[in-house]
Amino acid sequence: MTFVATAIALCLLCSVTTLNATAGDWQILVLDQDGKPLEDAVVELVVLDTPQPTPPQLPASVTVKQQGLNFVPFVSAIQVGTAVDFPNMDRTRHHVYSFSPAKVFEIQLYHGQPEQPVRFDQAGIVALGCNIHDYMEAYVFISNSPLLQVTNARGEAQFQSLGAGRYQLRLWHPFQQEDWALIEVEHKGNSQSQYQLTVQHRPKQPTPQRGFGS
Ligand SMILES: [Cu+2]
């Protein structure tokens with residue numbers, strides 16, 4: 001599987017509408033170029049001028065499993081230093097690897113739980129593949145910021161209890177077509193923002209041709 005650093009350019013549609021939500025919550029909706037909810041987009045916030053808020057604690061370890069001959073989840077967003085487990089839930093063996101500069105590694109053919117998790121100690125984007133199943137792909141977005149979310153199937157991400165102030169906002173999706181400029185956003189309390197990202201329309205993982213081994 002070859003990772004092509006295509007991606008990204010979004011345009012800001014609109015932002016900041018006061019909602020009835022817990023003070024400081026920031027709800028973000030990401031759409032594709034056709035206005036449809038975009039799943040698996042990473043939303044990264046970097047604090048610019050406010051004291052570092054107390055964000056929801058990110059987990060010390062994260063799991064990217066192999067299940068049904070695919071990686072689950074497709075996109076993970078983690079802070080630098082996080083360890084990721086790669087359990088193989090399938091009956092067939094997988095051989096997980098990355099050639100991405102932010103983390104080069106491989107876990108040679110294995111069943112079940114690998115001996116140890118993989119620690120991601122450098123910010124960047126890592127494309128995962130499997131030597132046995134070329135179609136398998138997944139991505140890990142590693143950031144120095146703890147303010148990270150991945151959009152759900154409704155294109156939604158939510159940050160809770162954020163301090164008011166200026167933030168740098170970055171969106172990223174594996175299939176984005178142009179780089180997206182970082183934007184500064186003023187967060188004044190409960191708010192909702194909407195952004196649009198141009199992405200390639202392609203299935204994120206072709207359906208395996210074989211029905212066994214999963
Ligand atoms: Cu595999």
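Positions are given from 1, in the same order as the sequence printed here. Order of listing sets the numbers, starting from 1, for every ligand and every atom in it.
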Among the N, O or S atoms that H133 has, which is closest to the Cu ion (ligand 1)? ND1
Can you confirm if the aromatic rings of Y97 and F86 lie within a centre distance of less than 6.0 Å? no
Evaluate the ring planes of W172 and F141, with Trp represented by its six-membered ring, and classify them as parallel (under 30°), tilted (30 to 60°) or perpendicular (over 60°). tilted
With respect to the Cu ion (ligand 1), what is the nearest N, O or S atom of H94? ND1
Of L128, T92, V96, V72, the one forming a side-chain contact (heavy atoms from CB on, under 4.5 Å) with Q66 is V96
Show which side-chain atoms of residues 29-48 pair as donor or acceptor with protein atoms under 3.5 Å away, not counting sequence neighbours.
unit_1: D32; atom_1: OD1; unit_2: D34; atom_2: N; d: 2.8
unit_1: D32; atom_1: OD1; unit_2: G35; atom_2: N; d: 3.1
unit_1: D32; atom_1: OD1; unit_2: K36; atom_2: N; d: 2.9
unit_1: Q33; atom_1: OE1; unit_2: V199; atom_2: N; d: 3.2
unit_1: Q33; atom_1: NE2; unit_2: V199; atom_2: O; d: 2.9
unit_1: Q33; atom_1: NE2; unit_2: H201; atom_2: NE2; d: 3.4
unit_1: D34; atom_1: OD2; unit_2: H201; atom_2: NE2; d: 3.3
unit_1: D40; atom_1: OD2; unit_2: K204; atom_2: NZ; d: 3.0
unit_1: E44; atom_1: OE2; unit_2: S143; atom_2: OG; d: 2.6

Do any of the N, O or S atoms of H95 sit under 2.8 Å from the Cu ion (ligand 1)? no
